[in-house]
Amino acid sequence: VNPITVLEDIKMTNATNRVIGDLQLNLTPLKGLTIDFISGLDTYTQLGQTYIAPMPYPGVNPAFFPDGYASTATAQVFQVNNDLNATYRTNITPKIASTTTLGGTVQYDRSNFTQIQGRAMLPLIETVAGAQNFFTPAGEIRTERSIQGAFLQQTFSYDGFVFVSAAGRVDGSSVFGVNNRTQFYPKVSGNLLVSELLQRSGINTFDLLKLRAAYGESGNLTAIGPYDRFSNMDPVVTAGGAGFVRRTTLGNPNVQVERQTEFEAGLDASVLNGRLGVEFNVYNKNVRDLLLPLAIAPTQGGSQIFANIGGMTNRGVELVLRATPVKAGDFTWNATVIFNRNRNRVSLPFPLLRFSADANRMSSAVDGQPLGVFYGTVYARNPDGSLLLSPGPRALSPTVSTDAGVPFVDRVGRTPEGLPNPSTALVQRVVGDPNPRWTGSLINEFQYKRFTARVLLDAVQGFNIVNLNRTTYNNVGAGLLAERELRGEVPRGTVSIIGGFGDERIREDMVEDGSFVKLREITFGYSVAPKLWGLNNLSINLTGRNLYSWDNYQGWDPEINSGGQSNRIRGDDFGTVPIPRTYQVSLTASF
C-alpha cells in the first residue's frame with residue numbers, strides 16, 4: 001500500500017514495562033580465596049496493538065483489509081541467571097604464581113505470547129471487540145529453556161612475563177535431546193610480555209609489547225528454538241470435532257550442537273608513554289555440524305527439517321590503532337581506528353540450500369560460497385558481458401509485447417538466432433553477497449578544559465543488498481521504472497521483462513551495492529563544577545546518532561535487514577523501517 005496510507009491510516013503501538021536487576025555476593029573466607037555469586041533478573045511485558053481503519057475504496061487488495069482490522073498481543077518474558085565462581089591465588093615459588101578458578105552457571109527463561117485479531121470492523125471502534133470476523137484460533141505460544149554449565153581454569157605465570165592458561169567447560173541446553181545435550185569444550189592460551197623482558201635489559205622502547213595465542217572450542221546452545229527438535233502440532237476443528245495437524249517443519253531428535261573451534265594469535269603494543277598503541281589479531285574459526293533447515297520430499301510428511309549438515313569457516317584479521325596526536329596544556333585529542341576483515345565459506349554435501357520457498361527471497365547457502373549469498377535469475381548477456389537486448393519487437397504473452405532494445409532473462413541454451421531458448425530452464429546463480437569485505441570505525445575524542453566532544457564514523461564496504469521493494473515499485477502501472485517507460489526513456493516492455501511473470505523476474509536487477517559510511521554519533525559535553533547541594537560533578541551532554549549516511553543505495557537505509565538478527569538471511573530489504581536519526585540531551589550528576 002501507499003506509504004502515506006500506512007502512516008496516516010494504520011495505528012501500531014508497542015508498550016514495554018521492564019525490570020532489570022541483580023544481586024551480588026562477594027566473599028573472602030581464606031587468604032587468596034574469593035567466592036563471587038551473581039543472580040540476575042530480566043523480566044518484561046510488552047503490549048502491541050494494531051488498528052487499520054476500513055478503506056472501502058475501489059481496487060483495494062483484500063489482503064490489505066479494506067474492511068478494517070484490529071489486533072492485540074502480549075508477550076511476557078522472564079529470564080534469570082545464577083553464576084557462582086571461586087578463585088584461588090597463590091605463589092608456588094617466588095617466580096611461579098598460580099590462579100585456579102572453578103565456576104558454574106544456571107540460566108532459565110520462559111515466555112508467553114498471546115494474540116487475538118479480527119477484521120470487518122464496526123464504525124468508530126478501534127479494539128478487537130469491534131471486529132465482526134475473527135481469525136481462529138487465537139494465537140498463543142509458550143516456551144521454556146534452560147542452560148547449565150561448569151568450568152575449571154588453571155593459570156600459571158612465570159616471573160611476571162609468561163602466562164599460560166588451560167580450561168575445560170561442560171555446557172548443556174534443553175533445546176537438544178538428552179543424548180546430545182551435554183558437551184565438553186577445552187581451551188588453552190598463552191601470553192608473553194616481551195616489554196617486561198626488554199625493560200629488564202634496559203630497553204625502554206615499548207611501554208607494552210605482548211604476544212598472545214589461544215585455541216578454544218565452543219558450542220551454539222541456542223541455534224534452534226526450545227521445541228524445534230520435536231514434530232509440533234497445531235489444534236484444528238474437523239467435522240465438529242477436535243484434532244491436530246502436524247506443522248510442515250518436522251522434528252529431529254538427533255540434532256546436535258554446532259561446534260566451533262578457533263585459533264587466534266595477536267600482539268598488543270604501545271609506545272611514547274601510551275600515546276601510540278596497536279592491537280592486532282588474526283583468527284581461524286571452523287564450525288562443524290552446521291544447523292540448517294533442510295528441504296525434504298513432501299512424501300515424508302513435511303517441507304523441511306532441521307539437520308546438522310556441512311560446516312563453515314571464518315578467517316580474518318582485526319586491527320585497532322590508538323593515538324593521542326595532540327596533548328598540550330588544556331587540550332587533548334585522542335583518535336582510534338578500528339579495521340575488521342572476515343572471509344566466510346560454507347561447505348555442504350550438496351550444491352545449494354535455499355532458506356525460503358519464496359522465490360523473491362534469494363538468501364541461500366551455496367557450497368564453497370559465503371553464508372547467505374543471493375541466488376537467483378540473471379540477465380542474458382553477450383560474450384563481452386554486455387546485456388543481450390531484443391533486436392526487434394517480440395511478444396511476451398498474448399496481450400503484452402515489447403519494442404527493440406529490451407533485455408532478456410537468461411535461460412539454458414540459445415536459439416539459432418542467439419537468443420535465450422524460451423523452452424529451457426531459467427539460469428540461476430550467485431548474484432550478490434551480503435557479507436562485507438571489510439568494516440571500520442574512526443573515533444575522535446576532544447577535550448578542552450571542561451568541554452568534550454566525540455565524533456564516530458562507521459564504514460561497511462563491499463557488500464550487497466536485495467532491494468525487494470523494487471518488486472512493488474517496478475510493477476506495471478506504478479513506480480519509477482514504469483514512469484520512465486511512459487516517458488519513453490526506456491523501451492516499451494522493460495517493466496514487464498524486469499518485473500517478470502512469476503519466477504521469470506530478473507532477480508539480479510534487485511541486487512544493489514550497500515556500501516556505506518555513516519556519521520554514527522556526535523556528542524558535545526560540558527562539565528560544571530557545582531558548589532550547591534553537595535554535588536561533586538554535574539555534566540550536560542547533547543548527542544546525535546545516525547546523522548548522515550554516504551551511500552549509493554536506492555532504498556531507505558543500507559543497514560537494515562528484513563530478517564532481523566538472523567544469521568542466515570541478511571542484506572534483505574522489503575518494507576523495512578530505516579534506523580532512526582535520534583537526538584538526546586542528558587544531565588548527569590554525582591554526589
Side-chain angles (χ1 to χ4, degrees), residues 206-210 212 264 266-283 314-344 433-465 512-527 539-553 555-561 565 570-571 578-586 588:
F206 292 94
D207 303 313
L208 172 67
L209 179 59
K210 180 170 67 175
R212 47 186 168 75
E264 65 176 51
L267 65 86
D268 303 326
S270 66
V271 296
L272 303 177
N273 294 322
R275 292 188 60 173
L276 182 62
V278 60
E279 297 178 16
F280 179 73
N281 195 54
V282 296
Y283 61 86
N314 285 284
R315 296 183 177 91
V317 298
E318 301 168 331
L319 177 66
V320 179
L321 298 175
R322 294 186 176 88
T324 304
V326 178
K327 189 174 184 179
D330 296 325
F331 181 73
T332 302
W333 170 24
N334 294 315
T336 303
V337 177
I338 303 173
F339 174 84
N340 297 282
R341 188 191 72 181
N342 183 71
R343 294 294 178 266
N344 173 271
D433 184 359
N435 300 280
R437 295 195 63 81
W438 63 271
T439 65
S441 297
L442 173 62
I443 307 170
N444 284 292
E445 297 174 307
F446 307 92
Q447 181 173 357
Y448 177 71
K449 294 184 178 179
R450 297 184 181 277
F451 293 93
T452 59
R454 184 176 187 269
V455 181
L456 169 61
L457 291 169
D458 281 341
V460 180
Q461 297 291 305
F463 76 103
N464 297 118
I465 295 177
E512 300 185 27
D513 179 21
S515 301
F516 67 85
V517 176
K518 282 195 174 184
L519 181 54
R520 182 71 69 189
E521 180 181 305
I522 295 181
T523 299
F524 296 100
Y526 179 73
S527 296
S539 61
I540 303 172
N541 291 279
L542 173 63
T543 301
R545 294 187 176 91
N546 300 306
L547 299 177
Y548 193 80
S549 177
W550 292 270
D551 61 75
N552 295 317
Y553 181 52
W556 291 109
D557 188 347
E559 201 175 11
I560 56 182
N561 180 32
Q565 299 300 314
R570 288 175 290 176
I579 296 176
R581 180 184 296 119
T582 61
Y583 301 95
Q584 175 181 307
V585 177
S586 61
T588 304

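Being a predicted model, the structure only gives us computed values, none of them experimental.
Put simply, CZ on Arg322 and CD1 on Ile338 are 7.0 Å apart, with the number rounded to the nearest 0.5 Å. We find the CG-OG1 distance between Leu321 and Thr336 to be 9.0 Å, quoted to the nearest 0.5 Å. Distance CG/Asp268 to CZ/Phe280: 11.5 Å, rounded to 0.5 Å. Distance check: Arg454 CZ to Glu445 CD gives 5.5 Å after rounding to the nearest 0.5 Å. Atom CZ of Arg545 is separated from atom CZ of Arg520 by 10.5 Å, given to the nearest 0.5 angstrom. One finds the OG atom of Ser527 at 10.0 Å from the CZ atom of Phe451 (value rounded to the nearest 0.5 Å).
Between Asn561 and Gly571 the shortest heavy-atom distance is OD1-N, 3.4 Å. Minimum interatomic distance between Asn541 and Gly525 (heavy atoms only, all atoms of both residues): OD1-CA, 3.4 Å. Scanning both residues, Arg212 and Leu267, for their nearest heavy atoms gives NH2-O, 3.7 Å. Counting all heavy atoms, side chain and backbone alike, Gly514 lies closest to Pro558 at O-CB, 3.3 Å. Minimum interatomic distance between Asp207 and Leu272 (heavy atoms only, all atoms of both residues): OD2-N, 3.4 Å. Closest heavy-atom contact between Ala323 and Leu276: CB-CD1, 4.0 Å.
Within the 4.5 Å cutoff, the side chain of Val282 has no heavy atoms near those of the Glu264 side chain. Looking at Phe463 and Thr439, their side chains never come closer than 4.5 Å, going by heavy atoms from C-beta outward.
Residues passing the side-chain contact (heavy atoms from CB on, under 4.5 Å) test with Ile522, sequence neighbours excluded: Val455, Leu519, Phe524, Leu547. Under the rule for a ring-ring contact (aromatic ring centres under 6.0 Å, His included), Phe331 has no partner lying at least two apart in sequence or in another chain. Every side-chain contact (heavy atoms from CB on, under 4.5 Å) that Asp433 has, sequence neighbours left out, goes to Pro370, Val373, Asn435, Asn464. Among residues two or more places apart in sequence or in another chain, the side chain to side chain donor-acceptor pair (under 3.5 Å) test is passed with Trp333 by Asn444. Shown here are the side-chain contact (heavy atoms from CB on, under 4.5 Å) partners of Asp557, two or more places apart in sequence or in another chain: Lys518, Glu559, Ile560, Pro578, Ile579. Partners of Tyr283 by ring-ring contact (aromatic ring centres under 6.0 Å, His included), not counting sequence neighbours: none found.
For Arg343, the CZ atom counts as densely surrounded, since its 6.0 Å shell holds more than 12 non-hydrogen atoms of other residues, nucleotides or ligands.
Using modelled atom types, no side-chain atom of Arg341 and backbone atom of Val317 make a donor-acceptor pair closer than 3.5 Å. Listed for the Thr452 side chain is no donor-acceptor partner under 3.5 Å among the backbone atoms of Gln447. Of the possible donor and acceptor atoms, one in the side chain of Gln461 sits under 3.5 Å from a partner among the backbone N and O of Phe516.
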What's the verdict on side chain to side chain donor-acceptor pair (under 3.5 Å) for Gln584 and Thr582, showing C-alpha distance, side-chain angles and the deciding distance? CA-CA 7 Å; Gln584 175 181 307; Thr582 61; over 6 Å; no
Please test Asn552 against Asp513 for side chain to side chain donor-acceptor pair (under 3.5 Å), starting from the C-alpha separation and ending with a verdict. CA-CA 7 Å; Asn552 295 317; Asp513 179 21; 5.1 Å; no
